[in-house]
Amino acid sequence: MKFVDEATITVEAGKGGNGCLSFRREKYIPKGGPDGGDGGDGGSVFVEADESLNTLIDYRFTRRFKAESGEAGSGRNCTGSKGEDLVLKLPVGTTVVDVDTNEVLADLTHVGQREKIAQGGWHGLGNTRFKSSVNRTPRQTTKGSEGELRQLRLELKVLADVGLLGLPNAGKSTLIRSISAARPKVADYPFTTLVPNLGVVRTEAHRSFVVADIPGIIEGAAEGAGLGIRFLKHLARNRVLLHLVDMAPWDEKTPAEAALTAVRELEKFSPTLAEQPRWLLLNKLDLLPEEEQEEACQAVVDALGWEGPLYRISALNKSGLTPLVHDLQEYLDARAEAVAEEPELLEEERRIRAIIDEEARENLRRLKAEMRARREAEDDLDDDDFDDDDYDIEVEYVR
């Protein structure tokens, strides 16, 4: 299945039905009076979170959606039928943004959540509504109002408790394979993951958390190098980030330089996201001689000025992973208990996520504008070349 995490669509709610102008005309009833019925309301447009979906591929090819309009009223005081509402099924983790106003209309964070994003038009009134003691034969009616028309941007962010951050080949995919049932591609040659992968880590029968592996970033990602920063937005929903550093890099870049590169690109993407809880994982230590390990680890710590949680691991050999997984579960459980005791913590978390989302959107808009300007200057690429369709790749979600 093709992974698509952004789409732009147009939705239009149904028009309200017009009111009817009618008078009762029956034999032996000489003064029947008005009997024009009201029209029906137009259908509204809703979005609903569906757990069976994990991509926005359905909205890349069909981009216009319209709810049913209400029917007009008729004689004998018959009201027109209401237009049927339109419900768009979206993956959990989708944010719906109005393109024209940048207003967030819906943020689908749990299964079954339904939000109205376009109001249907109101019904028109029939002439029966206007009769009075001084107006026995009213000829006034009203027309139904138009439904709301909106251009929307759908943004999918994978929902995970833990996010993996690092340069390509830092061992993120190997780590998620080692601690969960997810099976992203790994090999003994340099390459990078192209789409986010999710894995469920089960520590006990009823205790688990979700880990997200996103494509690695490289130096200059904020300026469009490599896959750019388009996948960093998937870290916005994570409660803790694991920064993986390759301690035995295949290129000439030292582990300390690689660690600094990832942090700088994260700060350029979203300063608020860079301030969120982050743990440092020094990976592939089994590839270093034992006498060099301490010095190499200290160099990374000194370069980052690191004072937070630190783990020395080998994702391939599963060395050091048991305490890491245990500590992550304890941290997330403690966070959940704190939120249950103080609901205002959840509101603060949502506020921070909103800031991160806005910073991410601004940087992505800037990046696309810069790339479009470069293409126009070169005059050798189409304006649509910077498109998510360029990544014809697979997504895997394992529970």
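- Between Glu204 and Arg202 there is no salt bridge, since no side-chain N of the basic residue sits under 4.0 Å from a carboxylate O of the acidic one.
- The pair Glu267-Arg264 does not meet the salt-bridge criterion, since no charged nitrogen lies less than 4.0 angstrom from a carboxylate oxygen.
- Heavy atoms of other residues, nucleotides or ligands lying less than 6.0 angstrom from CZ of Arg76 number 12 at most.
- Classification of Lys15 and Glu71 as a salt-bridged pair fails, no side-chain N sitting under 4.0 Å from a carboxylate O.
- Within the hydrophobic cluster formed by Ile, Leu, Val, Met, Phe, Trp and Tyr side chains joined at under 4.5 Å, directly or through other members, Leu21 is accompanied by Phe23.
- The shortest side-chain heavy-atom distance between Glu348 and Arg351 falls under the 4.5 Å cut-off.
- Counting only heavy atoms from C-beta outward, the side chains of Asp333 and Arg335 never approach each other to under 4.5 Å.
- Using a 4.0 Å cut-off between charged side-chain N and carboxylate O, Glu358 and Arg353 make no salt bridge.
- Aromatic ring pairs are classed by plane angle as parallel below 30°, tilted from 30° to 60° and perpendicular above 60°; the pair Trp279 and Tyr331 is perpendicular.
- The local environment of CD in Glu307 is sparse, with at most 12 non-hydrogen atoms from other residues, nucleotides or ligands closer than 6.0 Å.
- Ion pairing of Lys82 with Asp41 is absent here, as no side-chain N (NZ or NE/NH1/NH2) approaches a carboxylate O to less than 4.0 Å.
- Think of Phe46 as one node in a network of Ile, Leu, Val, Met, Phe, Trp and Tyr side chains linked at under 4.5 Å; its network also takes in Val87.
- A donor-acceptor pair under 3.5 Å links the side-chain atoms of Gln113 to the main chain of Asp107, judged by distance alone.
- Checking side-chain atoms of Lys172 against main-chain N and O of Leu242 turns up no donor-acceptor pair under 3.5 Å.
- Enclosure of atom CD in Glu344 by more than 12 non-hydrogen atoms of other residues, nucleotides or ligands within 6.0 angstrom is indicated.
- A salt bridge is defined here as a Lys NZ or Arg NE, NH1 or NH2 lying under 4.0 Å from an Asp or Glu carboxylate O, and Lys157 with Glu155 meets this definition.
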